[in-house]
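The next block holds one structure in the form of structure tokens; read it before the comments.
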Amino acid sequence: MRAAIQPLSLYCSNSSKLMASSSNSLMWFRKGIRIHDNPALEYAAKGANFLYPVFVIDPHYMEPDPSAFSPGSSRAGLNRIRFLLESLVDLDLNLKKLGSRLLVLHGEPGEVLIRCLEENLASAAGIEVFSPVSHTLFNPADIIQKNGGSPPLSYQSFLKLAGEPSWACAPLSTTVSSLPPVGDTGRSDISDVPTIKDLGYEDMAKDDWTPFRGGETEALKRLEESMSNKDWVAKFEKPKGDPSAFLKPATTVLSPYLKFGCLSSRYFYQRIQEIYNNVEGHTSPPVSLVGQLLWREFFYTAAFGTPNFDRMKDNKICKQIPWNDDNELLAAWRDARTGFPWIDAIMVQLRKWGWMHHLARHCVACFLTRGDLFVHWEKGRDVFERLLIDSDWAINNANWLWLSCSSFFYQYNRVYSPITFGKKYDPNGDFIRHFLPVLKDMPKQYIYEPWTAPLSIQKKAKCIIGEDYPKPVVSHDIAIKECRKKMGEAYELNKRLKGLISEEDLENLKKRNTEEDQRQNAQTKRKRQTLNDWIQPQ
DNA sequence: CTTCTAGTTGATGGC
DNA sequence: GGCCATCAACTAGAA
């Protein structure tokens, strides 16, 4: 028997219990909700008489949580849960076309899988586990090793270390043409893919659904649409994109499909390379389309190699900054009532679409943290993590570290203006009018600063500031000065602290760290030793 | 060890 | 509208 667990495993992948004459395979889908370029699926199907394709729904992540600030579970907003279910329905359909189907199990994955193995495949004496790296282009552990044990902290040094992926010119796993049948499913509590209602949710009004549908089929369709415009692909420059474009977004919007693995990042990479090879010239990392995939790799590597990556405390690449704990300001930001239409419109787009342009994310993240409100980046991270349909633990945390000038990026004087930044792209304020209809009749000269409109204009636009739409929670001019001052002081303190440590306590600290490391090694390092064990679930 | 360079994506004002 | 210097000044990594 074989259990090809893709792309994540509870077990180590270097199993010695290989059974050459195996005939039953269990394919555990976690990420990688796709058929194409799926080495684990291909491996599981090869030579198997029966194949059990399984997805486990963990109630811990999927149960409705009424206490959360938006509909959804404790971990994910309803838009992302729906996106996942759509992806599973599509996977089931695609499996059926190949003579198989998806078996959905419910419960804590470890327990459920062991029960499933016992009930259905118990006759086998040994289990071979195969859990290949296929969610990312590189294995972060390799990059870290090349760099002497620590992850590179700049994109350029990452590029140098990474080089070309080993499979760049080789054919990827081909799409399988047929799959072994599903065997006897015994007495397991196997179900079809549940609906939102099956999971206990009252679904949102369809107007509030994200416009992006989940699934591999949709992912490949979207990829083809982007790739069909070769000129656009070749000339792609991320920073030149328009964050206010919403009828036709300025990027591919393939991130949610990469997040769930509905689209293979390697297949995406090869498709872009193919175009590069057939055009005159093309852009390069960091701004190019391939450069975007490499950002993902860079952040996965940093996250994989940095203990406590998702917090300020005990995170050695994170600046220690005395962020405030103002729940009022946080709630105003989260609920799109800061009084800055550009910021609030983006936050509405986040809630409704689960997706915003990269630069739009920059604007609201900067505003919440070092730019205006000085609220802790972890709080903003939590809101993004819940609401984004593409939220990815490594990438989300990395970008919050970046935008708050806590790591990777340190030029805290460069602050996005919540008033003028959006205006450059969208002087008429169409983006604001769309996501904040209360402001749809505000004249364009006031749309980014409606509090400056004379009362007569506000009345005419049927939008009284302070009643129909909030007054700004802070004065940007004052807030930016205070924030810069606090950032300067915090940086100064971090520097002094570093100096102090190196003079007096370095030896003690080193000793303590070594001891701690050894303790941690014994306890947790075994669990984290493969990338697959580390990637966070849905 | 110190010094130097370059860094995905700021805002402003002058030309 | 695009380009440039200026603002004040950061860090990682290379030299």
Side-chain angles (χ1 to χ4, degrees), chain A residues 143-144 146-162 235-245 249-251 255 282-299 301-302 305-306 315-321 340 342-343 346 356-367 369-372 395 398-399 401-427 448-449 476-477 479-481 483-499 502-503 506:
Chain A
I143 309 266
I144 289 166
K146 268 192 206 172
N147 198 42
S150 64
L153 295 175
S154 77
Y155 184 78
Q156 295 303 331
S157 57
F158 169 84
L159 287 186
K160 274 182 203 160
L161 289 160
K235 290 180 178 156
F236 183 88
E237 283 184 71
K238 185 67 162 282
K240 289 196 176 156
D242 176 355
S244 72
T251 56
S255 53
H282 60 82
T283 51
S284 296
V287 297
S288 64
L289 208 49
V290 155
Q292 305 315 301
L293 278 173
L294 293 168
W295 278 105
R296 180 173 178 267
E297 300 293 313
F298 170 50
F299 289 144
T301 307
T306 307
N315 176 350
K316 70 175 181 186
I317 69 165
C318 182
K319 291 264 190 222
Q320 304 300 301
I321 296 166
F340 291 89
W342 172 245
I343 299 298
I346 295 166
M356 316 90 96
H357 186 275
H358 187 60
L359 287 177
R361 301 182 194 204
H362 277 213
C363 287
V364 295
C366 180
F367 183 86
T369 58
R370 69 184 166 87
D372 291 84
I395 302 171
N399 276 302
L401 285 164
W402 184 295
L403 262 299
S404 63
C405 283
S406 296
S407 196
F408 305 113
F409 176 80
Y410 307 94
Q411 285 169 287
Y412 58 78
N413 276 307
R414 295 189 184 173
V415 173
Y416 291 91
S417 164
I419 295 151
T420 61
F421 188 82
K423 218 186 263 184
K424 280 190 300 202
Y425 301 93
D426 180 17
Y448 285 87
E449 301 168 272
H476 176 60
D477 288 340
I480 195 177
K481 284 194 188 99
C483 285
R484 278 177 172 151
K485 189 164 159 267
K486 285 188 236 174
M487 289 300 286
E489 287 165 0
Y491 268 46
E492 186 63 33
L493 210 66
N494 276 272
K495 217 185 281 178
R496 292 230 314 270
L497 218 63
K498 231 177 164 180
S502 62
E503 281 163 29
L506 189 67

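Lettering of chains follows the sequences in order, A, B, ..., and the numbering in each one begins at 1.
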Using a 4.0 Å heavy-atom cut-off across all strands, classify A:P285 as base, sugar-phosphate, or nothing. nothing
Looking at OH of A:Y155 and CD of A:E297, how far apart are the two atoms once the value is rounded to the nearest 0.5 Å? 10.0 Å
Is there a ring-ring contact (aromatic ring centres under 6.0 Å, His included) between A:F367 and A:F421? Walk through the geometry before answering. CA-CA 12 Å; A:F367 183 86; A:F421 188 82; over 10 Å; no
Check whether any side-chain N or O of A:Y491 sits under 4.0 Å from OP1 or OP2 of C:dA9, and answer yes or no. no
Please measure how far the C1' atom in C:dA9 lies from the corresponding atom in B:dT5, and state the result in whole Å. 15 Å
If I take atom CZ in residue A:F158 and atom P in nucleotide B:dT8, what distance separates them, rounded to the nearest angstrom? 13 Å
From A:K319 NZ over to A:R370 CZ, what is the distance, rounded to the nearest 0.5 angstrom? 13.5 Å
Expressed in angstrom and rounded to an integer, what is the separation of A:Y410 atom OH from B:dT8 atom C1'? 16 Å
Counting only Watson-Crick or G-U wobble pairs whose two distances fall under 3.5 Å, which nucleotide matches C:dC7? B:dG10
Between A:K486 (NZ) and C:dC10 (P), how many Å, whole number? 20 Å
A:S154, nearest nucleotide to its side chain (from B:dT8, C:dA12, C:dC10): C:dA12
Whole-Å gap separating C1' (B:dA6) and CZ (A:F408): 18 Å
Check: A:I346 and A:C363 side chains under 4.5 Å, non-hydrogen atoms: yes
Return no unless some side-chain N or O of A:K319 is found under 4.0 Å from OP1 or OP2 of C:dT11. yes
Which one is paired to B:dC4, where only Watson-Crick or G-U wobble pairs with both distances under 3.5 angstrom count? C:dG13
Enumerate all atom pairs, one protein N or O and one N or O from nucleotides 9-11 of chain B, separated by less than 3.5 Å.
residue, atom, partner, partner atom, Å
B:dT9, O2, A:P239, N, 3.0
B:dT9, O4, A:H358, NE2, 2.8
B:dG10, O3', A:V415, O, 3.4
B:dA11, OP1, A:S417, N, 2.7
B:dA11, OP2, A:K424, NZ, 3.1

Between B:dT8 and C:dA14, how far apart are the two P atoms, rounded to whole Å? 13 Å
The side chain of A:L153 lies closest to which of these nucleotides: B:dG7, C:dC10, C:dG13? C:dG13
Mind checking the P distance from C:dA8 to B:dA6? Whole angstroms is fine. 23 Å
Rounded to whole angstrom units, what separation is found between the CD atom of A:Q156 and the P atom of B:dG7? 6 Å
Return the orientation label for the A:W295 and A:F298 ring planes: parallel under 30°, perpendicular over 60°, tilted otherwise. perpendicular
Rounded distance in Å - NZ (A:K316) to P (C:dA12): 12 Å
If the cut-off is 4.0 Å, is A:S157 near the phosphate of C:dG13, judged by side-chain N/O to OP1 or OP2? yes
In whole angstrom, give me the gap between the C1' atoms of B:dC1 and C:dG13. 15 Å
